[in-house]
There are 2 protein chains.
Amino acid sequence: MKRSQITLKDLAKELDLSASTISRALGNHPAISEATTKLVQKKAEELGFTPNSIASSFRKKKTQSIGIIVPRIDIYFHSLVISGIEDYAYKKGYNVSIFQSKDSLKREQEITKILQNKMVEGLIVCLTIETDTYDHFKKFKRLGIPLVFYDRVPKDQDVNSIIINDFEASYKATEHLIEKGCKRIAHIAGNQFTPIFKARYEGYKAALQKHHIKQDPNLIGFTKNLNYEEGVLQAKHFLQQASIPDGIFCANDYTAVSALQVFKKAGIDIPEDTAIIGFSNYPISQVIEPHITTVNDRAFTMGKEAAKLCIRLIEDEQESVKETISIQTELIIRESTLRGHLN
Amino acid sequence: MKRSQITLKDLAKELDLSASTISRALGNHPAISEATTKLVQKKAEELGFTPNSIASSFRKKKTQSIGIIVPRIDIYFHSLVISGIEDYAYKKGYNVSIFQSKDSLKREQEITKILQNKMVEGLIVCLTIETDTYDHFKKFKRLGIPLVFYDRVPKDQDVNSIIINDFEASYKATEHLIEKGCKRIAHIAGNQFTPIFKARYEGYKAALQKHHIKQDPNLIGFTKNLNYEEGVLQAKHFLQQASIPDGIFCANDYTAVSALQVFKKAGIDIPEDTAIIGFSNYPISQVIEPHITTVNDRAFTMGKEAAKLCIRLIEDEQESVKETISIQTELIIRESTLRGHLN
DNA sequence: CTGAAAGCGCTTACAG
DNA sequence: CTGAAAGCGCTTACAG
């Protein structure tokens, strides 16, 4: 399609004023008289003129835009984070450009190449599951483009990051099971090369230890992707034990749903025989019956905080110390752990 | 943060060549000798130079970026569409900027204001539920920025749009219930001011008529937002009828889950007593038990087609006739309608 | 095959 | 309070 466009110069000619004045009037510059400002803005409105923001960005070296790299947009967690980012960024006058790494390191590297000197002033990233090298992010430091990581963040690197307190949250979730009288507590764990899933496992272990419950290796089910099918497998494995678990802490809600369904189908009462806790507060956790107790990971808040930090770094000219913001989670208690409260 | 940047001129000086040559070499212009091209590219690599793409965009009047306006990013359907858009756009070298209208017409109007002369070459939009006026989209026509609508599209307007065959899909879903022997078929309907939900209701009615089943107004449950709670209400209402429905076609999966749970709790067997069909193929439909038969609305494909059309319109200079692309849906048959097949 | 020059549409320091 | 001028970093038509 062809585009025709009125420029600032056209407006200037039309009003017999200089381009400088037009530019200032449009920006409500205080030096311009109110009369002139009004006149210019009225005419601009009339002619449907809006300044070419590419030219403006170019001139000011500011694009007011933030890049986001996520593994996939259609994972609920990420869609919530993006929503939180967009919401905050919008209020601050920034727009967001989104890229999906598809959990491929190669694609992540490609994207960073595209993004350098592209039109973003800051970058918010959740690493792919494969990422074990961070060289491709170094260029942003050189270019003065601030980087904020969330959820999956670089290991042992001095970076800005937004994370949740996985260890603590898992500790508390496990403790909740203990308080509800569970003595044999199982755990469905995620990939232990991913720090967040490792932290969840550690939190679980620490709670058991604190309460002098000894671990049973048969009650730890390691998975690769924490998906529904893997959860089903692990839950079935738990059922084969001589003494089945009376509590299960799952590292996400998908596997909690698996465990719940497998156990229910085996005639086990949830929560009376076995209590179940998930992680992430996915919508399904409050729809499946019984509703599942879970950890609210506050993904929207995470996105908001990421955007806040990113924009602060963009606007604060000095390179500041790297920051790590830990989002407080909350345990949402629902039927799946309310033992003795249901008939 | 401060940014320091090497420019094309710096490179030119370094190599004792003109900026023109550098520019051409970097772009693999055929007129430049292979030796020079290689030399320039090597030096660029060495100095970590990449052309300032804002300057380039400004000069070429091409930003290679597409704007998206969705009601909310964290609605699964939209996250899938966005994913489809990003995926296709990425392959074509475009990036996508996302805005959430939050289903507010006012915010939608605000966003279009920001977007005009912003950095997008095309725009993909799903209207807010409130949108009943389209004036705020007219400016894009004037600016030569192609518009593609999806899902919720303007009524009675000559626009580019990507939709699914709601009528047909609903007709077939209802017919599927009839084939499974259902005689009293209920419908949980969406907002009838929204064309897609009206079409689903119409499809349902048409199928009944075709098969000489007369409608019972007591078996039509109208809702405003098709959410879980509304579904529960409508399902309870159906249960109060002297003769309860033996089939329910729900305009989305949320309300299908409501109906399934309410009926199950009332001791009604799904699918033997009552078969249930949803719409959209949300993840929950294949997790809840029994798994729910539903219509796959192929949201990812929808996004892909939207991006494809949008990019074609951007790159085809001539204003073409408006297009409407209808995505073919498919009925995914699961346990909730497999009567006589389960124990 | 390479270069000099103009210019994209703004913004802003400088001058008055 | 307003204007003339320079310039942001590229690209490209024109010339050789």
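These numbers were taken from a predicted model, which means no experiment stands behind them. Quick note on labels: first sequence line is chain A, next is B, and so on, each numbered from 1. All values below come from the heavy atoms of this structure, side chains included, with hydrogens, waters and symmetry mates left out.
- Here the separation of dG9(C) from dA13(C), taken at their P atoms, is 23 Å to the nearest Å.
- Contact annotation for Ser23(A): base contact, defined as any heavy-atom pair under 4.0 Å involving a base atom.
- Nearest-nucleotide mapping onto DNA chain C: of Ala55(A) and Ile32(B), the residue sitting toward the 5' end is Ile32(B).
- Ionic pairing of Lys43(B) and Glu46(B) is present here: one or more N-O contacts between side-chain nitrogen and carboxylate oxygen are shorter than 4.0 angstrom.
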How far apart are the C-alpha atoms of Gln328(B) and Thr301(B), what are their side-chain angles, what is the distance that settles it, and do they pass the side chain to side chain contact (heavy atoms under 4.5 Å, CB included) test? CA-CA 10 Å; Gln328(B) 290 309 300; Thr301(B) 304; over 6 Å; no
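- Ionic pairing of Asp158(A) and Lys141(A) is not present here: no N-O contact between side-chain nitrogen and carboxylate oxygen is shorter than 4.0 angstrom.
- You can see that DNA chain C meets the heavy atoms of chain B within a 4.0 Å-exclusive cut from dC1(C) to dG9(C), reading 5' to 3'.
- Counting any heavy atom pair closer than 4.0 Å across all strands shown, Ser57(A) reaches no nucleic acid atom.
- Nucleic acid contact for Thr36(B): sugar-phosphate only, since backbone atoms but no base atoms lie under 4.0 Å from a heavy atom of the residue.
- Salt-bridge check for Glu86(A) with Arg107(B): passed, with a basic side-chain N closer than 4.0 Å to an acidic carboxylate O.
- For the side chain to side chain donor-acceptor pair (under 3.5 Å) test, no residue two or more places apart in sequence or in another chain qualifies with Asn52(B).
- Rounded to whole Å, the separation between the P atoms of dA6(C) and dT2(C) comes to 23 Å.
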Reading DNA chain D 5' to 3', how would its secondary structure be written in dot-bracket notation, given Watson-Crick and G-U pairs with both distances under 3.5 Å, brackets [ ] for crossing pairs and | for partners on other strands? |||.||||||||.|||
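- Aromatic ring orientation, Tyr150(A) versus Phe77(A): tilted (interplanar angle from 30° to 60°).
- A salt bridge links Lys138(B) with Asp135(B): the closest approach of a Lys/Arg side-chain nitrogen to an acidic carboxylate oxygen falls below 4.0 angstrom.
- Nearest heavy-atom pair across Ala89(B) and Ile311(B) is CA-CD1, 4.0 Å.
- Here Ser20(B) lies in heavy-atom contact (under 4.0 Å) with a base.
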